[in-house]
Amino acid sequence: MQIIDTLVTLVSEALDSAQTSGSLPTAGDVEIKIERPKLAEHGDFSTSLPLALARSTRMAPLQIAEAIANAVPEHFMVGNVAHAAPGFVNFTLSTSWLQSQVNVVRNAGDEFGSVETGKGQSVQVEFVSVNPTGPLHVGHARGAVIGSSLANVLDAAGYDVQREYYVNDAGNQMRVFYDTVYSRYMQAAGHDEPLPDPAYPGEYLQELASDLLNDLGDSSVSKEKSEAIAVLAPESLKRTLKDIRNVLSSLGVEYDQWFHESELLSSGRFDEVLNFLEDSDLVVERDGAKWFAATKLGLEEDIVVIRSGEGGPTYFGTDIAYHHEKFMERKFDRVINVWGADHHGHVARMHALLQAFGLDPDRLTIILNQIVNFSNEGESLKFSKRNNVMVTVEELIEEVGSDACRFTFLSRSPESHMEFDLSLAKTQSSENPVYYVQYGHARLASILRTAAERKIDFDTADLSLLTHARELELIRKIIELPAVIERAAERLEPHHLPHYAMDLARSLQRFYEDCRVVSLEEGELEISRARLQLVEAAKYALHRTLNLMGMTSPERM
RNA sequence: GCCCCCGUAGCUCAGUUGGAUAGAGCACCGGCCUCCGAAGCCGGGAGCGUGAGUUCGAGUCUCGCCGGGGGCGCCA
């Protein structure tokens with residue numbers, strides 16, 4: 001962030017000159033950290049460097065603070081530098097600089113908030129990636145929301161981002177799925193075909209099968225089972241994926257690519273990568289199966305990659321090829337996988353795998369989001385169709401709406417074991433933080449509409465008129481956005497967005513309360529213009545934030 | 001048995017990689033609409049599971065204990 005970088009430079013210069021002038025003894029290299037004080041009277045930024053230097057310089061921290069504060073060079077961004085006990089140097093931004101930021105924001109427009117920390121780096125975010133065997137379960141919504149917003153944030157931080165859904169269209173689960181579709185298809189056509197064992201339960205497959213019968217006709221009924229499946233399977237997959245895509249889309253989730261597991265097998269990549277591992281002496285045969293020799297890389301157990309018996313690859317087996325493809329073929333600098341916490345046992349294996357490829361394991365980050373407990377009126381919900389409780393993401397969106405849903409999931413960090421209270425998320429809708437934030441946006445829009453109706457032109461304005469505490473508070477909050485985005489991207493924590501959104505909304509509501517924007521009073525046209533520019537800047541910041549969260553920015557509510 | 005995550009206000013959650021007097025929403029109580037939206041604003045109470053340790057300084061780091069969730073498949 002630019003402000004902090006500037007302050008680091010100023011402190012560094014102050015340190016040098018204090019040491020040169022002899023007011024401070026020289027000390028070894030220290031890292032200058034700039035923080036944000038919690039209390040307003042401590043300024044906008046501070047550093048506790050004096051406390052860190054106390055030991056090596058054998059001086060009282062407060063004295064060091066004073067020496068540094070006195071040596072900080074003048075800078076137009078900084079209005080005041082102070083030292084404070086027990087050993088802080090506090091910086092307050094200058095009013096004139098804050099005022100000037102209104103136009104910086106307005107000029108950036110919809111792009112305001114973007115940073116370049118990820119410039120030149122490609123990153124893939126893979127999320128949801130649920131087996132295409134039916135509708136998305138509510139348990140998958142959290143990962144979808146986190147993954148999509150994280151991708152948005154990384155994009156805003158300058159990364160070249162690819163959003164990907166990994167379609168597990170090979171393997172055991174799908175065979176069971178197709179076998180069940182076949183049985184349901186035959187049953188729909190009036191034949192007494194038993195369900196396979198195991199089979200996929202649920203009405204979804206019955207509906208799917210009867211749709212297939214209607215749309216494709218009964219020509220597959222008389223075929224051999226394998227031939228019938230050859231016809232039904234691709235169509236079942238296509239339709240199920242389409243349902244998944246539509247539901248995700250209604251949740252504000254879009255992908256750049258849907259990558260099919262089956263491609264890894266048909267392209268020969270799987271065999272190729274397996275050969276590579278064999279050549280690296282990392283594959284062993286045992287009990288009729290092939291294993292990835294993870295124990296040679298420090299893990300506790302080897303992992304099966306090719307089953308005994310019919311010899312198909314395991315999920316982990318194709319994942320080897322998949323990640324090889326991500327790094328070696330598509331050459332992503334970083335890959336982020338968003339998984340449910342129940343996959344945590346898989347994490348160490350993936351990192352071992354990168355090691356086997358000779359790659360830095362840090363290039364792969366796996367975000368595990370903990371399970372969500374849904375409740376209603378304080379009562380925990382057990383999902384089952386028999387209880388007639390909501391089970392799919394589609395139903396969840398119908399119940400609480402996409403915006404409220406996203407905001408709720410986003411405001412918790414992924415590792416928290418969150419509770420999602422449906423009654424809270426929907427019935428108290430007017431008191432919901434979701435609507436508080438959106439109301440702020442609608443209100444800003446409303447002010448601008450009023451200004452337009454009254455034909456107030458505010459292309460130019462005297463921003464030095466913005467001196468009210470609420471005006472400056474709002475400007476300070478607006479210009480935090482780049483730092484929020486930078487932090488969220490760096491730490492892969494999209495949950496900072498909703499909290500920032502709340503803060504920003506509060507600042508603008510307080511501003512609105514105390515500062516009349518569009519005034520009819522004589523002689524207040526100039527201040528109206530300046531405030532309208534501020535309103536416009538606030539609207540850009542709030543809209544950007546809502547946008548990154550995948551939420552709508554209503555002009556009216 | 002081993003591994004991962006969590007424990008902060010009555011409830012749901014933040015807490016800027018160890019900094020100053022720990023925050024927000026909901027719920028509760030009391031105020032505020034004569035021109036831009038009261039889905040709002042202002043004021044009010046209460047909290048870091050527990051015991052040690054590291055440090056100038058711990059909600060944050062280390063270890064133990066208590067409590068909750070998840071994982072240890074030739075499933076994905």
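Naming: A, B, ... by sequence-line order, numbering from 1 per chain. Computed from a predicted model, the values in this text were never measured in an experiment.
We find that CG of A:Asp319 is positioned 13 Å from C1' of B:rC75, with the value rounded to whole Å. Rounded to whole Å, the distance from CG on A:Asn369 to P on B:rC13 is 14 Å. The interatomic distance linking A:Leu532 (CG) with B:rC35 (P) rounds to 19 Å, in whole Å. If you take CG of A:Leu49 and P of B:rG57, they are 18 Å apart, rounded to a whole angstrom. Between the NE2 atom of A:His417 and the P atom of B:rC4 there is a distance of 13 Å, rounded to whole Å. The CD-P distance, from A:Glu301 to B:rC3, rounds to 14 Å in whole Å. With rounding to whole Å, A:Glu473 atom CD is found 12 Å from B:rC41 atom C1'. If you measure from atom CD of A:Glu490 to atom C1' of B:rU16, you get 10 Å, rounded to the nearest angstrom.
Each of A:Glu41 and A:Met502 was assigned the nucleotide of RNA chain B with the nearest heavy atom; the assignment lying further toward the 5' end belongs to A:Glu41. Comparing A:Phe45 and A:Gly440, the nucleotide of RNA chain B nearest to each residue sits closer to the 5' end for A:Phe45.
Checking the phosphate oxygens (OP1, OP2) of B:rA14, a side-chain nitrogen or oxygen of A:Ser416 falls inside 4.0 Å. Contact annotation: A:Arg491 side-chain N/O to B:rU17 OP1/OP2 distance is not under 4.0 Å. Within the 4.0 Å cut-off from OP1 or OP2 of B:rA76, not a single side-chain nitrogen or oxygen of A:Asn168 is found. For A:Tyr439 and B:rC41, the shortest distance from a side-chain N or O to OP1 or OP2 is not below 4.0 Å. At B:rG15, one or more side-chain N or O atoms of A:His495 fall inside 4.0 Å of OP1 or OP2 (strictly under the cut-off). Side-chain N/O atoms of A:Ser413 include one lying less than 4.0 angstrom from OP1 or OP2 on B:rA14. The phosphate of B:rG25 has OP1 or OP2 within less than 4.0 Å of a side-chain N or O from A:Arg506. Taking only side-chain nitrogens and oxygens, A:Arg307 comes nearer than 4.0 Å to OP1 or OP2 of B:rA76.
No option in A:Thr365, A:Ile146, A:Val338 other than A:Thr365 meets the side chain to side chain contact (heavy atoms under 4.5 Å, CB included) test with A:Leu492.
Between A:Phe88 and B:rG19, no base-stacking contact is recorded for ring centres under 5.5 Å apart and planes less than 30° from parallel. Both thresholds, 5.5 Å between centres and 30° between ring planes, are met by A:His42 relative to the base of B:rA20, so the two rings are stacked.
Taking the six-membered ring for Trp and thresholds of 30 and 60 degrees, A:Trp258 and A:Tyr255 have ring planes more than 60 degrees apart, a perpendicular arrangement. Taking the six-membered ring where tryptophan is involved, the planes of A:Phe177 and A:Tyr200 are perpendicular, since the angle between them exceeds 60° and thus also 30°. The aromatic rings of A:Phe409 and A:Phe374 stand perpendicular to each other, their planes meeting at an angle above 60°, with 30° marking the opposite boundary. Ring geometry for A:Tyr322 against A:Tyr166 counts as parallel: the plane angle stays under 30°, on a 0 to 90° scale with 60° as the upper cut.
Under the Watson-Crick or G-U wobble criterion, with both distances below 3.5 Å, B:rG47 has no partner in any strand shown. Across the strands present, B:rG1 finds its partner in B:rC72; the criterion is a Watson-Crick or G-U wobble pair with both atom distances under 3.5 angstrom.
The residues A:Arg506 and A:Asp503 are annotated as salt-bridged, a charged nitrogen and a carboxylate oxygen being separated by less than 4.0 angstrom.
A syn orientation is assigned to B:rC33, its glycosidic angle lying within 90° of 0. Taking syn as a glycosidic angle within 90° of 0, B:rU8 does not qualify and is anti.
Within a 6.0 Å sphere centred on CD of A:Glu41, other residues, nucleotides and ligands contribute more than 12 heavy atoms.
Among the heavy atoms of the strands lying under 4.0 Å from A:Ala85 is at least one base atom, whether or not backbone atoms are also near.
At a cut-off of 3.5 angstrom, counting only N and O atoms as typed in the model, there is no donor on one side facing an acceptor on the other between the side-chain of A:Ser129 and the base of B:rA76.
Taking atom C1' in both B:rG23 and B:rA14, one finds a spacing of 7 Å when rounded to whole Å.
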